[in-house]
Enquirer: 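Just dropping this structure here.
Worth knowing before you read on, the calculation uses all heavy atoms, side chains too, and leaves out hydrogens, waters and symmetry mates.
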Amino acid sequence: MDIITESPAVVSRDGYRRVRTARYWLATVVVAGELGLGGIWDIARIPFVRDLAVHLGYPSYFLVLLGSWKVLGAVALLIPRHALLKEWAYAGAFFTYTGAIVSHLTTGYDRGEVVLLAIFTAATVLSWALRPASRRLAEPRWPGSAWPSQPSAR
């Protein structure tokens with residue numbers, strides 16, 4: 001016979017936390033995996049990626065720069081702590097994916113890829129929104145309240 005020592009609310013909250021954590025890690029691994037693998041492909045300038053970048057109007061040397069930042073962003077998302085670095089990595093991933101969407105739409109090249117890029121954008125936002133407290137920036141502490149409602153009139 002099982003004896004429940006915790007209230008159902010506590011058990012439910014712990015279950016929610018586990019699901020939230022699982023969703024966070026799933027989204028984060030998808031984003032970090034794409035950034036890492038895509039970055040390596042960019043740095044190596046494999047023919048498919050090089051041809052795509054040139055067709056979209058970017059010089060081929062841009063791939064090395066973009067690829068290096070992607071790999072560093074993937075590492076930043078996976079390592080513990082360094083919340084500010086993670087914020088920059090999330091911003092960079094978001095700008096990369098949305099910029100790629102705009103590039104595909106404006107050139108009319110391979111519009112089928114836009115759906116995949118939108119999925120990566122959504123995964124980036126989901127990972128950012130679900131990140132645990134240990135991976136967030138600390139909220140600033142203001143004297144007297146959590147956030148000032150208006151600047152002081154001194």
Enquirer: Identify the residue among R131, R135, R136 that makes a side-chain hydrogen bond (donor to acceptor under 3.5 Å, both in side chains) with E87.
Expert: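 So the option named by the test is R131.
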Enquirer: Hey, what do you get for CD (E34) to CD1 (I119), rounding to the nearest 0.5 Å?
Expert: 12.0 Å
Enquirer: To the nearest 0.5 Å, what is the distance between OG1 on T106 and CD1 on I101?
Expert: 12.0 Å
Enquirer: Looking at every heavy atom in both L35 and K70, which two are closest together, and how far apart are they?
Expert: O-CB, 3.4 Å
Enquirer: If you round to the nearest 0.5 Å, how far is CZ of F120 from OG1 of T96?
Expert: 12.5 Å
Enquirer: Might you confirm whether atom OH of Y109 has over 12 heavy atoms from other residues, nucleotides or ligands at distances under 6.0 Å?
Expert: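 Yes, the 6.0 Å shell around OH holds more than 12 heavy atoms from other groups.
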Enquirer: Test Y97 against T124 for side-chain hydrogen bond (donor to acceptor under 3.5 Å, both in side chains), laying out the working first.
Expert: CA-CA 9 Å; Y97 297 135; T124 300; 5.0 Å; no
Enquirer: Membership question, hydrophobic clusters at under 4.5 Å side-chain separation (ILVMFWY): are L65 and L72 in the same one?
Expert: yes
Enquirer: Might you point out which heavy atoms bring R23 and L130 nearest each other, and give the distance in Å?
Expert: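 Answer, listing the atom of R23 first, then L130: CB-CD1, 3.6 Å.
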Enquirer: Measure the spacing between CG of L105 and CZ of R111 and express it to the nearest 0.5 Å.
Expert: 6.0 Å
Enquirer: Please indicate whether Y24 has more than 12 foreign heavy atoms, meaning atoms of other residues, nucleotides or ligands, lying under 6.0 Å from its OH.
Expert: yes
Enquirer: Could I get the full list of side chain to side chain contact (heavy atoms under 4.5 Å, CB included) partners for V49, not counting sequence neighbours?
Expert: W41, D42, I46, L63
Enquirer: Suppose we screen for side chain to side chain contact (heavy atoms under 4.5 Å, CB included). Which residues come up paired with V64, at least two apart in sequence or across chains?
Expert: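 Partners of V64 by the side chain to side chain contact (heavy atoms under 4.5 Å, CB included) criterion, ordered by chain and then number, come out as R45, S68.
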Enquirer: With the 4.5 Å side-chain cut-off for hydrophobic clustering, are V114 and F94 part of the same group?
Expert: no
Enquirer: Any sub-3.5 Å donor-acceptor pair from S127's side-chain atoms to A123's backbone N or O?
Expert: no
Enquirer: Mind listing the closest non-hydrogen atom pair of L77 and K86 along with its distance?
Expert: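 What the structure gives for the nearest pair is O-NZ, 3.6 Å.
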Enquirer: Cluster question for you: counting only ILVMFWY and a side-chain heavy-atom cut-off of under 4.5 Å, with indirect links fine, are V30 and Y90 together?
Expert: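 Yes.
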Enquirer: Could you pull out all residues at least two apart from L78 that satisfy side chain to side chain contact (heavy atoms under 4.5 Å, CB included)?
Expert: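 Only W25, T28, A32 meet the side chain to side chain contact (heavy atoms under 4.5 Å, CB included) criterion with L78.
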Enquirer: Do W128 and V29 belong together in a cluster built from hydrophobic side chains that touch within less than 4.5 Å?
Expert: yes
Enquirer: Can you list every salt bridge (Lys or Arg N to Asp or Glu O under 4.0 Å) pair that touches residues 91-105, not counting sequence neighbours?
Expert: none
Enquirer: Using a 4.5 Å cut-off between side-chain heavy atoms of Ile, Leu, Val, Met, Phe, Trp and Tyr, which other residues end up in the same hydrophobic cluster as I40?
Expert: I43, V71
Enquirer: According to the ring-ring contact (aromatic ring centres under 6.0 Å, His included) rule, which pairs have a member within residues 60-88, sequence neighbours left out?
Expert: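 Passing the test, one end in residues 60-88: Y58-F62.
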